[in-house]
Amino acid sequence: MAQVLSTASGIAEAEAYQGKVLGAVSRTFAFTIPQLPADLRKVVTNAYLLCRIADTLEDEPALSAVQKALLQERFLAVLRGEAKAQDFATQVTPLLSPATSPDERELMANTPLVVRCTHSLDAPQQQALVKCVSIMCRGMSHYQDSASLEGLADLVEVDRYCYHVAGVVGEMLTELFCEHSGAMREKRAEMLALAPSFGEGLQLTNILKDLWDDRQRGVCWLPRREFRELGVDVASLAPGRSDPAFAAALRYLVGVAHAHLRNAFRYTLMVPAEEAGIRRFCLWAIGLAVLTLRRIAARPTYGSGREVKVSRRTVKAAIASTRLAARHDGTLRLLFGGVTRGLPLSPLSGSPRALSAWAAEPSGGEGFAAGCPGLRSGNGKE
């Protein structure tokens with residue numbers, strides 16, 4: 001009995017820590033995760049913190065690519081129960097440079113508490129989390145080796161990168177949502193088909209927002225081939241560019257992100273209306289990304305992420321509108337149509353033929369969705 005009480009006390013301590021640290025390391029997820037049903041909050045918070053630990057390793061400039069790969073493998077061993085979390089934290093925390101924020105350093109030092117929560121989850125939940133973090137770590141390790149100012153080879157490679165760091169999170173969340181809801185379980189195959197696009201749309205938006213900040217760190221995730229076909233050399237990019245070729249290339253990639261987010265919206269409407277919390281969780285992420293894309297499209301000469309960051313006032317307004325409309329598909333379609341009106345919409349294939357056709361249409365290919373059912377929301381109507 002004493003051991004049971006001790007274990008319960010330890011899990012309660014770990015859960016309390018999760019709630020405390022989430023707000024310190026993420027402004028966005030600190031207000032979206034609490035919208036989820038109670039049985040999902042703990043597991044999704046834990047999933048986010050595990051991904052944040054892996055991401056902190058990837059972003060640490062004092063670590064070489066080899067060191068990062070080794071430490072990420074050790075982290076995965078911890079999650080699988082093959083190594084001790086305390087040994088991992090003790091090894092990694094002193095290696096972090098001042099470039100890692102104090103909050104992220106604290107999170108790394110408290111890896112044992114986070115992993116204690118992981119190991120208290122149901123077996124299917126643990127399996128979903130470990131699979132996600134494994135794909136993410138190994139993908140980040142691969143792309144760390146080739147990261148440079150020259151960008152990635154083409155849009156297909158950008159999609160692969162975005163899948164490894166974000167699309168896989170969409171798949172993980174879908175598995176958790178389907179375990180929570182029998183109604184979603186019936187739509188599992190359809191939702192899983194759209195889930196990577198959800199994560200990739202959010203990640204591509206971040207790539208665009210952080211374009212110039214990333215380049216200061218010596219990395220770039222833009223597609224070389226597509227930008228070259230539009231007359232832009234990725235390797236020579238510098239902030240403040242105002243030439244038409246760069247504006248067209250930027251508009252093209254905004255359109256790709258928009259196309260992914262349309263899939264994300266379609267995904268959200270597959271969530272049953274009575275699961276309003278899950279819908280709000282999805283809608284707020286989509287809304288923030290779309291609003292960011294609008295700012296990027298309107299200001300192609302931006303020189304930092306701060307210049308295209310969505311204001312808190314705008315975020316609050318978006319939250320208020322979707323909070324009221326979360327259960328009503330028709331109203332949500334109207335809201336989504338309004339906020340995306342005027343945004344370029346690009347084909348997701350990235351084929352040269354599709355790219356050249358898109359580039360010939362200054363509006364950004366507004367008619368593309370009409371011929372692509374995969375980008376339609378809800379029941380196929382915009």
Side-chain angles (χ1 to χ4, degrees), residues 135-136 139-140 142-171 193-212 214-215 219-237 241 244-264 266-267 286 289-290 292-293 296-297 300 340 343-369 371-375:
I135 293 173
M136 180 180 287
M140 289 191 299
H142 169 76
Y143 284 100
Q144 274 289 331
D145 290 340
S146 57
S148 75
L149 291 176
E150 295 183 359
L152 297 174
D154 52 27
L155 186 60
V156 172
E157 196 65 18
V158 172
D159 280 343
R160 288 196 187 108
Y161 169 74
C162 289
Y163 170 76
H164 281 93
V165 300
V168 67
V169 176
E171 291 178 337
L194 293 172
S197 203
F198 199 141
E200 289 173 31
L202 299 180
Q203 182 63 25
L204 192 52
T205 301
N206 283 334
I207 286 173
L208 290 167
K209 176 176 68 72
D210 298 331
L211 167 62
W212 304 115
D214 283 343
R215 289 188 73 85
V219 298
C220 179
W221 308 111
L222 299 179
R224 286 194 302 273
R225 190 192 76 184
E226 285 76 8
F227 269 53
R228 184 173 60 247
E229 291 173 0
L230 290 170
V232 178
D233 176 22
V234 170
S236 64
L237 285 177
R241 289 183 60 142
F246 178 70
L250 192 67
R251 191 176 70 245
Y252 166 71
L253 215 52
V254 166
V256 173
H258 176 198
H260 279 302
L261 292 174
R262 295 182 82 84
N263 279 346
R266 181 185 174 195
Y267 173 101
I286 295 169
V290 169
T292 301
L293 290 178
I296 292 169
T340 58
L343 271 181
L345 183 60
S346 309
L348 293 178
S349 66
S351 68
R353 180 179 177 184
L355 179 63
S356 60
W358 180 92
E361 185 173 354
S363 66
E366 292 289 332
F368 175 74
C372 185
L375 294 182

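Position 1 is the first residue of the sequence; numbering continues from there. Note that the structure is predicted; figures quoted are calculated from it, not measured.
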Is there a side-chain contact between [X] and [Y], using heavy atoms and a 4.5 Å cut-off?
X	Y	answer
Ile135	His164	yes
Met136	Val169	yes
Glu200	Asn263	no
Leu155	Leu253	yes
Ser346	His258	no
Arg262	Leu348	no
Val256	Pro223	no
Val232	Leu222	no

Quiz item: How would you list, by chain and number, every residue that makes a salt bridge (charged side-chain N to carboxylate O under 4.0 Å, His left out) with Arg241, sequence neighbours excluded?
Solution: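 Result, salt bridge (charged side-chain N to carboxylate O under 4.0 Å, His left out) vs Arg241: Asp243.
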Provide the closest heavy-atom pair for [X] versus [Y] in the form atom of the first, atom of the second, distance.
X	Y	result
Pro347	Tyr252	O-OH, 4.4 Å
Pro300	Phe246	O-CE2, 3.6 Å
Trp221	Val158	O-CG2, 3.3 Å
Gly231	Ala245	O-CB, 3.8 Å
Arg224	Gly151	NH1-O, 2.8 Å
Pro196	Glu171	CG-OE2, 3.5 Å

How many angstroms lie between atom [atom1] of [X] and atom [atom2] of [Y], to the nearest 0.5 angstrom?
X	Y	atom1	atom2	answer
Ser197	Tyr163	OG	OH	13.0 Å
Thr292	Leu208	OG1	CG	10.0 Å
Arg251	Leu345	CZ	CG	12.5 Å
Gln203	Thr205	CD	OG1	9.0 Å
His260	Cys162	NE2	SG	7.0 Å

Exercise. Pick out which of Leu261, Val254, Ile296 makes a side chain to side chain contact (heavy atoms under 4.5 Å, CB included) with Leu343.
Key: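 That would be Val254; it is the only one of Leu261, Val254, Ile296 passing the side chain to side chain contact (heavy atoms under 4.5 Å, CB included) with Leu343.
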Quiz item: Hey, mind stepping through Ile286 and Phe198 against side chain to side chain contact (heavy atoms under 4.5 Å, CB included) and telling me if it holds?
Solution: CA-CA 8 Å; Ile286 295 169; Phe198 199 141; 3.7 Å; yes
Practice problem: Can you tell me which residue pairs pass the salt bridge (charged side-chain N to carboxylate O under 4.0 Å, His left out) test with a partner in residues 149-158, sequence neighbours excluded? | Solution: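 Every pair satisfying salt bridge (charged side-chain N to carboxylate O under 4.0 Å, His left out) with a residue in residues 149-158: Glu157-Arg160.
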Quiz item: Sequence neighbours excluded, which residues qualify as side chain to side chain donor-acceptor pair (under 3.5 Å) partners of Tyr161?
Solution: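 Per chain and number, Tyr161 pairs via side chain to side chain donor-acceptor pair (under 3.5 Å) with no residue.
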Quiz item: Are Val234 and Glu226 close enough, and set up right, to give a side chain to side chain contact (heavy atoms under 4.5 Å, CB included), and what steps lead you there?
Solution: CA-CA 10 Å; Val234 170; Glu226 285 76 8; over 6 Å; no
